[in-house]
Structures are given as structure tokens and as C-alpha cells.
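Given the structure is predicted, the values throughout are model-derived calculations rather than measurements. By convention in this document, chain letters (A, B, ...) are assigned in the order of the sequence lines, proteins followed by strands, and residues within each chain are numbered from 1.
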Amino acid sequence: MTIETVKVNISSLKEHKRKVLEVLQDQGVVDVEKKEEGPTSDEEELDNLEYKAAEAKSAIDFLESHQDQDGGLLDSLIPDKLQVKEEDFKNIDSNFDGEKVNDEVLDLEEKLNQLQSTLQKSKKKLKELEKWKKLTLSKDQLQDLQRAEVVFGKITSSKLEELLVTLKRQLSEVVILKGGEDARNVYLALVFPKKKKEEIEEILEQEGLEELSPDFQLSPHEHYQKIKEKIERLQQKKEKANSRIEELLEHQKNLKIYHDWIISKLKRKKTERHLEQSERVFTITGWVREDRVDVLKRRLAEYTEDVAVTRAEDDDKSKNPVVIDNGGTFKPYEMITKLYGMPQGSEPDPTVYLAPFFTAFFAMAITDAGYGIIMMVLSVVLLRFTDLPGRRLFKILFWAGVFTLGIGALFGGWFGVSAPDLPNALGPIKTVLTKIMWMDPVDNPVKTLIFTFVLGIIQILAGIGVATYWKIKQGKIKAGLMDHASWFVFLAAIFTWVAVKFGYLNYSTQLAGYGLIAALVFFLYCQGRGHKNLVKRMFIGMGSLYDLLGYVSDVLSYSRLLALGLATAIIAMVVNLIAGIFMEMVTIPGLNWVLGAFILILGHSFNLVVNSLSGFIHSARLQFVEFFPKFMKGGGRRFDPFKNSGDYIELNDN
Amino acid sequence: MDIGIILVIIGAAIAAIGGGVGSTIAVWRGGVVGSSVISDKPEVFGNILLLQALPGTQGIYGFLGAVMALQKIGLVGGEVASVSPEIGWQMILACLPIGVIGLITALLQAKVSVAGMDVAVEQPQEAGKAIILSAMVETYAVIALLTTILMINGLSVA
């Protein structure tokens, strides 16, 4: 139901400001009016809190990036928050040293980054030295030789033999030291007398040795070993840091609570900007649910006597935020109403009315009893045995499953198999299922189409009914009866006339025609309400006839339910067919069953997911576009109370 | 093979190709825009995925029309019926609605979906509204599918 809010002023002495704000935030029942931003008591604390929150956030992000697996697809489809007990939230600062954990995480992050970059540099160096690691003499040592000259270079492995032969033939004084090799080249250091330099360099060039000037001081062999050890040390350090991070992962939850606790504090500080303050007194203006004003007064009084909650001047009620609140089974369906937006404060909350229709239409879009069972089982398992986010959705899924089972049984679809085609091994079950089956929509699409139209007519009539009821409830009896209820008379006359005309009712066509004309005149008379001149009144009433056209196209819109239902049924049939074909093709016993089961599970899951999505969206659309306009305009402002909330957690009382 | 059967297969192909091509292009466009959006704001992935997937339905509807057509003459599970050329031509006509409308709606729905991605990024809590707007275009694909199904159902094959 829609609950209106009232504008109140909450005033108290300045010394109670902190506590009063805290109480208001804990209660979370006041939507504080945003005023021009005045200065807060201290900007410095605000900055400090913002800095802390940012630090906590980056620590959380870092830890999250370190987790093996993230929440996966479901998590990102239905982002929901961590459920935290209010008590744990309030006491987080005393139970958990957020700042310390924060600092440690951020230190570790920095350390890891440094380690990573050093490690990368070392690995690069190691790769370079790989080519020279067999040289036990250092570059300096080699170059210190008085009369000798050293040349470093690489040569393609296949040319090495030739080079050696040539060198040996022409000069015996050359010492050739092999540094190492990679896939294509051999790396050499050649030592020879200085005076032979030109001669030798000519040979080397001819033979295709590419001169290099490698960078090492120690002997490459030692240098290589040292770097190798260094890398090992770095790896160890990295592992240690990583295992520390693993340990810190357990603080993730607390860190999130801590973050949101700071955010809440920050919010409180920021709300101070919207207060009106005089020397000794401050006032908060905001909206409170009508039925919560007394609770608020009591809670504040528990803390201090020096607080007054008074009704504020409220000249434009249409700007007041709106709350919708429904009990029990209907609660999850608020999600669908909110998807559309809030009703105005003076309009009915559509949640209760849309719930049965939405669920039934969703079921029509699936029309397979087998899938209904899966949906029920799945939602119960998810609700009972997991704490996955999106519980409201699962509750809707459960009822959708129940309805789908019912409607599916009516249309005889069981995992794409029509009840009469079920295997005979099922015996009496098959008999029962066939008995409760009404008709197969694949064989009787026209009949099913008419059925969907009937569903549409029922919902549209229900919409007019809601409008009538609401107007009467508000005391606008005349408006309710004349604007809305007159439609019933008119539509009933039309239905009767159609029924008589097409022979469904055995009655005089002429009489039905007169009835229709009488109803039309009555209808025009009612619709033109507010105009004294009878002719003008009838003429104005004609405008409403245009709505009739709208109603007809509304009803046709429900045909989508048939198309969606058939889509599910036929894809299910095709999945069964493909599984059958594969099982016939594969002749290895055992394997064909495994393959068949695999295709069935995969195919039916795909079908269920895809068609649930369509079913959800199109049933929602039927509510928004076809149902809602009959009794509401929407566009109410959502109630946004000042409360404890943050990015990661949601508080619950139990 | 009867010329009639060939015509029916052409009809089924039109249905599957129309829906398939439309959805492929539509989902591709959504994916390209979606990726750039996700790189800025990975947390909205769920809604972006939905918006991208929405115009993918036409491909399924086209496939469905094709299956209905093939099933009618027994090419999918059952005895292949003998089909006259007249029936074949009628089947092609019956497949046109989902083939053509599926193609067009998928392409246009992609545009609404892509525009809706802005909403999903700027105001993630309102993304549901963008999804509904996109689904409005799909209505006509659903109606076209229904038309195709009703027409195929109305044909009488010996």
C-alpha cells in the first residue's frame, strides 16, 4: 500500500546535535530536506573521513583482486549487499582495528608492486646473461690483458664449425671461449694478440660473426648465479607477502563494514550542512512516514527531553516522497513496482494488484510444468541453503514456479513432452497428467490465443476496478462510479452484444443492440461529467470512446504470452529431438546416455534461462504499459531516508 | 525431391536467416559499445549484458519459425509429407513476417539498447527502465512470430 509522508521539523539544543543525528541515522526514517549547503562544524574532519574511506576502498579493491574467484555472473547480474547485523555494524570500531588492517594491506600492495618490478628487471637481466653464463672470466679481467684484444660476438650455430676451422687454419693464437647459446646463436668471446686485430676482424666479418658489447662486471658465470639467487629471494618474499594477503582476506568482511561505517559517519557530517542553526538551537526539516512519527518521537525522547518534533508547513504535498509497504508474500513484488517508479502519494500502490497477474503471465510465457518444478526447487535451494544475493528475486521465482507448474499442467507440457506423449512406463501418473491437461497450445494456437486475450480482458477490467475502488475509498464516490465504473456497464453491453451476434448466447440480436445503445448513452452521460449542457456533455463523453480503441489494442498485446509460451515449448521439443538424434547416432552403450543427458541438461537450462528473461521483461511490460495507466500515473519521488548505509553492506535486525 | 519441399526449406531459411542476421548484428553492436562502457565501470556488467542480450531474441524467434515450418512437413521428426508447390509458396509467405520483422526489429532494438547503456552507467538503479524501453521494440518481433506461427498452423499439409 502507498504510505504518504509528512513534513516535520525536528529541533533540539545544539549540545545534543551529535546524538540526535545519530539516533535519526540509526532509525533511518527521515528523508532530510536538502537545503543550501552551509558550512559544517569542521571541514577538516570531513576531509579526514573522506580520505579514510578512500583508503579503505582501495584496500578492499586490492583484496578483492587477490581472491581466486569473483562472484561470477550471478553476482554481477543481481548485485546485492552483504547482510550485517546492526550490532556488528555499531561496534565495528571497537572490535576491529580498521586503520591497522588498512595500512597493512596498502603497505603490502606497495611492497608487492615493488617486488614485482624488481623481479621483472632481474629476470630480464638473467635472460641476457644466459648467453654468457659459461664465461668464468670477467670482462675487465679479459680486457686487462696487456697485449691481447677481446671481441665478444654471436654467430649462427650452423656457421660456428666453419668459423672455427677457418680460424684454426689461419691463426693458432686465438683463444675461443664459449659463453653460451640460445636457439639460434652461439655466444663467443675471442681473445687474440693485439697485432692480429685487423686480420682477425676481417675473418670474423667474413664468417658472419656479429660483434656485441655485453654488459657485465663480475665474471658472467658468477653474475648469473648471483642474479639467480636474487630472483629466488624475491620469489620467496613475494610468496610470503602473498600468503600474508591470504591471511588478510578473512578481514575482508570487516573491512567492508568498517568502510561503510566511515561512510555513514561521513553522511552524518554532511547532513549537518542541511540544518538550520541558531545560537543554541538547531532544526532539521524532513519527511517522515505518517505512521512513524510517533515512533520517532519516542526514540528521540529516550535520549533527551529537549527535543521537539513538530509538523512543518507543507504547501505542496505532491513533492512529498512516497513509500510503498507490503506485507509477506507481496513484499518481493515491490521490486517490480520500483522498476517502473513510485506511485504518487495520492495513488494506489500497484504491488498487490500486479503480483498475481505478473506471476501468471510469467507462467504463461514458460508454459512448461517441468520447468515450473525446476524453478520451485531451484528457488527453495537458493533460499534455504545459500546466502546468495537477490533473495527477493528468488521468492518471485518460487511463486512463478508454482504458477508455471499449474499452467504447464493445464497445457500439458512436461519438459517439452506433451502429456499424452509421455512414456507409458509412467503408468497412472501419465493418466492423471493427461486427464488434467486442457489442451496443447502447439496444436491449438488459436484457442490459446483467445485464452491470452481473456487474460488481458481480465487484467484490464481489474485495472478499472482498482481505479473505481481507489476513488471510492478516497471519498470521491461520484468520480469513481461515473468515470470508472461506467466502463463496466458499457463493456458488459459490448460483450453481450458480441456474444449474441456470434451465437454464443441465444438471445435476440435486436434487443442486445438496443441494450448496447442504451449503455453507450449512459456511458457518454457519465464520462462527460462536469458539464451542464447535455449536448456538450455527450460530446465530451465521446472523447472517452477513444480509450476503447486503446483497450482493444491493449488486449491484443497479451497475444505475446502465446508467442512466448510456444517459443519455450518448441525449443524444449527441439532440445529433446536433438538429444534423441545424438543418442541414436552414438552406438557405444553408456556413452549415448551420457551424451543425451548432457544435451538435455544444457539445452533445457538454456531454454529456461532465455525464456525466463523474456518472460520477466514481457510480463513486467504488460503491467507497466497495459495495467498501470488504468489507475495510476506514477512519478512519485522515492523516499530516501537518512540512514546507515554504504556501498557494501545492508543492515538487518535479526 | 519435391519442388514443394524445396520451397518450404527456403521459407524456413528466410525465417532463420532474417532473425539470425538481425540478432547477430544487434548483439555485436551492443557488445562493442558495452565493452567500452564496462572498461570504465565494470560493476554495471549485469545490466549491460542484459541490454546486449535483449535484441538476441529475434534470432531465436527466427529459428522457431524455421522449426515450425520444417516440422509441419515432417522434416524435423516424423515422416516427410509430399508438398505441393502451392503449399511451398504459402510457407514462404508465412515465414516472411518473422524473417523480415525479426531483422528490422533486432537492428532497431539494438539502437535503443545501446542508448540504454548510458542510463545503466549514469544511473545503475534505473537500468531496469532502459531494459523495458528496449523490450518495447521487441513487441513487434513477438507479434510477427505469432503471425508466422498462426499462418503455418493454418496451412494444411497432406
Side-chain angles (χ1 to χ4, degrees), chain A residues 70-80 335-336 338-341 365 389-390 441-446 448-449 452 556-557 559-571 573-574 576-578 580-581 606-607 609-611 613-614 616-625 638 647, chain B residues 19 38 41-51 53-54 56-72 75-78 97-98 109 124-154:
Chain A
D70 56 2
L73 198 60
L74 189 66
D75 236 8
S76 52
L77 283 179
I78 340 169
D80 216 343
M335 186 178 142
I336 293 158
K338 284 176 182 164
L339 187 59
Y340 178 82
V442 182
D443 295 338
N444 303 292
V446 178
T448 320
L449 184 67
T452 60
L556 294 180
S557 181
S559 64
R560 79 186 64 232
L561 294 176
L562 167 64
L564 294 168
L566 282 181
T568 321
I570 293 169
I571 292 177
M573 266 160 52
V574 172
N576 293 341
L577 202 73
I578 293 174
I581 291 171
F606 166 80
N607 192 17
V609 169
V610 167
N611 283 294
L613 181 63
S614 302
F616 189 95
I617 293 171
H618 283 284
S619 323
R621 176 225 137 99
L622 286 176
Q623 313 307 320
F624 300 162
V625 183
R638 198 180 290 194
D647 304 340
Chain B
I38 288 167
K41 226 175 170 188
E43 64 272 21
V44 296
F45 173 70
N47 285 323
I48 298 290
L49 179 71
L50 273 183
L51 282 167
L54 280 180
T57 338
Q58 281 85 342
I60 297 173
Y61 294 161
F63 164 72
L64 219 62
V67 171
M68 288 289 290
L70 298 178
Q71 194 198 28
K72 185 81 186 181
L75 268 177
V76 182
I98 189 55
Q109 194 179 355
Q125 69 278 14
E126 305 296 349
K129 298 182 168 96
I131 290 171
I132 295 290
L133 287 185
S134 174
M136 297 298 285
V137 184
E138 199 180 299
T139 301
Y140 304 99
V142 178
I143 301 287
L145 172 66
L146 197 62
T147 315
T148 296
I149 290 176
L150 289 177
M151 289 206 270
I152 292 175
N153 189 66

Gap between atom [atom2] of [Y] and atom [atom1] of [X] - 0.5 Å precision:
| X | Y | atom1 | atom2 | answer |
| --- | --- | --- | --- | --- |
| Lys338(A) | Lys129(B) | NZ | NZ | 11.0 Å |
| His618(A) | Met136(B) | NE2 | CE | 10.0 Å |
| Leu564(A) | Tyr61(B) | CG | OH | 4.5 Å |
| Arg621(A) | Leu133(B) | CZ | CG | 11.0 Å |

Of the backbone (N, CA, C, O) and the side chain (C-beta and beyond), which part of Leu54(B) lies under 4.5 Å from a heavy atom of chain A, both, or neither?
side chain
Non-hydrogen atoms of chain A under 4.5 Å away: do they reach the side chain of Thr139(B), the backbone, both or neither?
both
So, for [X] and [Y], which heavy atoms are closest and what is the spacing to 0.1 Å?
| X | Y | answer |
| --- | --- | --- |
| Leu339(A) | Gly128(B) | CD1-CA, 3.1 Å |
| Pro445(A) | Leu150(B) | CB-CD2, 4.0 Å |
| Ala563(A) | Val142(B) | CB-CG1, 3.4 Å |
| Leu562(A) | Leu146(B) | CD2-CD1, 3.4 Å |
| Asn153(B) | Asp443(A) | OD1-O, 4.3 Å |

Please assess Ile143(B) against Arg560(A) for the test side-chain contact (heavy atoms from CB on, under 4.5 Å), listing each intermediate value before the final yes or no.
CA-CA 6 Å; Ile143(B) 301 287; Arg560(A) 79 186 64 232; 5.6 Å; no
Go through Val574(A) and Phe63(B) one step at a time and tell me if the side-chain contact (heavy atoms from CB on, under 4.5 Å) criterion holds.
CA-CA 10 Å; Val574(A) 172; Phe63(B) 164 72; 3.8 Å; yes
Take Thr57(B) and Leu613(A), measure what side-chain contact (heavy atoms from CB on, under 4.5 Å) needs, and give me the verdict at the end.
CA-CA 10 Å; Thr57(B) 338; Leu613(A) 181 63; over 6 Å; no
